[in-house]
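Read through the structure below, which is laid out as structure tokens, and then see the notes.
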There are 2 protein chains.
Amino acid sequence: MPDQDPIALPFPAAALRPTRADALGPWQPGAGQRIRLKELDPDARPLSQGDKAGDKARVEALAAELDGLQELFYADGRFKLLLVLQGMDTSGKDGTVRGVFSRTSPLGVHTVGWKAPTDRERAHDYLWRIHQQVPGAGEIMVFNRSHYEDVCIARVRELIPRRVWEQRYAQIVDFERMLHEEGTTILKFFLHIGREEQLERFGKRIENPKKNWKISDADYSERPLWDDYTAAYEEAFRRCSTGNAPWFVIPADRKWVRNLAIAEIVVEALEKLRMRFPEPQVDMDEIRRKYHEAEEAHDG
Amino acid sequence: MPDQDPIALPFPAAALRPTRADALGPWQPGAGQRIRLKELDPDARPLSQGDKAGDKARVEALAAELDGLQELFYADGRFKLLLVLQGMDTSGKDGTVRGVFSRTSPLGVHTVGWKAPTDRERAHDYLWRIHQQVPGAGEIMVFNRSHYEDVCIARVRELIPRRVWEQRYAQIVDFERMLHEEGTTILKFFLHIGREEQLERFGKRIENPKKNWKISDADYSERPLWDDYTAAYEEAFRRCSTGNAPWFVIPADRKWVRNLAIAEIVVEALEKLRMRFPEPQVDMDEIRRKYHEAEEAHDG
């Protein structure tokens, strides 16, 4: 009755940079490339089909496709998929998971929402807790926030000396390269909203009594640091967007545009893996014989 | 930018035995009650509204309701919910998760599919790995298989001496009572299919090439042990169905009947928790002032 363990051999992740994502152009920083978030319009609509209704229908279709791909991904059991979501507060990380994986069974998508480290976590290097949660073979894992907080917040808030966070960019590149070489497809998304849009979303939290509990004083104490966070992220893109583990900046002022772009990129990355249903691990003739025996025993 | 940690104080789980589930009658064994699975028709339809279309619509409505309840559950942050799914092979554990949580974000439902223990897990007591995965405050966790394998398979397959598995029933009751007293609502479901229905589902695995990889020789080697498994489960119900952590036997020959019964029970259990959106943790007047300041700074 116990299930077969999935094949656990590491398998090289395919070259994964989605070509459909080429339409993103400047939104997909190459290795070492310097980008300026201020020059990217958070209200832009790359990959859009033109109108909101059409885009939403496309997101639905992609979500359904993703459901089928996930099943195959699990069955294939050779690849691992890690999605990283980062962004300023209210940028829509939760909404992205809900929108993109609306058709996928909770069995098929694991998520971790990273919070401030516990005492025990803080007693280890910052990648210790992250490493424990990376996906296994056949698993899709979504990180809602990630180890990038350990270069961005840690830097902006001066939680650690410059010397320490400076080293982390290279450490992260090394860590992600190892994960990739051991069979993990890594896609990292920065949800890019405008300051104005954030303020509007804060306003909605104030208006809606069911959302009041989400309000934190930090909402307003972090806003003046917007430019510092922007600089920290820009440096993370420049130093940690690699062929193995690319960063994508996603315009996120409009939710359906955001979901569309991310769903397109994820679906295309999965399609590029040459997945297949595994060969049966049993002798099918033998199984058919056993099946008919069982049938006869039952009828008899 | 880091989220507030949810309130982590343990909170007594409400008396949770759903009254709607009273309609289940003999399907819900009380503490110490002996039931005979053979006397329960796996094709029965307790909680059914009468016709398949009506039942399916009801499952959809419950799934939508569950989505809203999960959001409140997370916001409330005081309760923990653990669902346990057990059943013979092909009984539909995966399908249940997909059907009942079809409308819930993957962020809101965590799942663990328990497999044979690893060497490291085997080096500990059988509850060691289980305990690590129980839900935290505000979390919903679904166990696809569970520690009940450690009394059922272990007993039928004679993996451990009788003396050892005999002790485990009481250990499990103690463990689950502790979880309950520390704020966990526990609902345990046994998906009850007939031997004939199982054979039919095995037949479909043979016919469908995309399902061939799921076939295992164990499918047929376990079937002759059906009665032994039945006896082992019956004993688990008798000894481990408690007011704190009840077992529900769910007729599972029809998928929508199964999903309907489980969704009804889960929704009712959540409704019975007196959940509420927490009071804002900030001074709302102060926040409104900050908001308007930010607005002016932006316009200025």
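Predicted model only: the values in this text are computed from it and were never measured. Order of the sequence lines sets the chain letters (A, B, ...), proteins ahead of strands, with each chain counted from 1.
Of all heavy-atom pairs between B/Pro278 and A/Trp213, the closest is O-CB, 3.4 Å. The shortest non-hydrogen separation linking A/Ser216 to B/Ile287 is O-CD1, 4.3 Å.
Under a cut-off of 6.0 angstrom, the local environment of CZ in B/Arg201 is crowded, with over 12 non-hydrogen atoms contributed by other residues, nucleotides or ligands. Within 6.0 Å of atom CD in B/Glu71, 12 or fewer heavy atoms from other residues, nucleotides or ligands are found, so the atom counts as exposed in its surroundings. Annotation: B/Arg103, atom CZ; neighbour count of heavy atoms from other residues, nucleotides and ligands within 6.0 Å does not exceed 12.
Contact of A/Asn144 with chain B is made through the side chain alone, with heavy-atom distances under 4.5 Å. Contact annotation for B/Arg276: neither backbone nor side-chain heavy atoms come within less than 4.5 Å of a heavy atom of chain A.
A/Lys290 NZ to B/Ile215 CD1: the interatomic distance, rounded to the nearest 0.5 Å, is 11.0 Å. The structure places CD of B/Glu293 at 11.5 Å from CZ of A/Arg223, a figure rounded to the nearest 0.5 Å. Rounding to the nearest 0.5 Å places NZ of B/Lys214 at 13.5 Å from CD of A/Gln281. One finds the OH atom of B/Tyr291 at 12.0 Å from the CG atom of A/Asp219 (value rounded to the nearest 0.5 Å). Here the straight-line distance linking atom CG of B/Asp94 with atom OH of A/Tyr74 works out to 7.5 Å at 0.5 Å rounding. The line from OH of A/Tyr220 to CD of B/Glu286 is 10.5 Å long, rounded to the nearest 0.5 Å.
Of the listed residues B/Pro209, B/Pro224, B/Gly203, the one with more heavy-atom pairs under 4.5 angstrom with chain A than any other is B/Gly203.
When side chains are defined from C-beta on, B/Glu279 does not count as touching A/Asn212, because their heavy atoms never get closer than 4.5 Å.
Each of B/Thr111, B/Leu107, B/Val142, B/Thr104 was evaluated against A/Pro106; a single residue qualifies, B/Thr111, per the side chain to side chain contact (heavy atoms under 4.5 Å, CB included) test.
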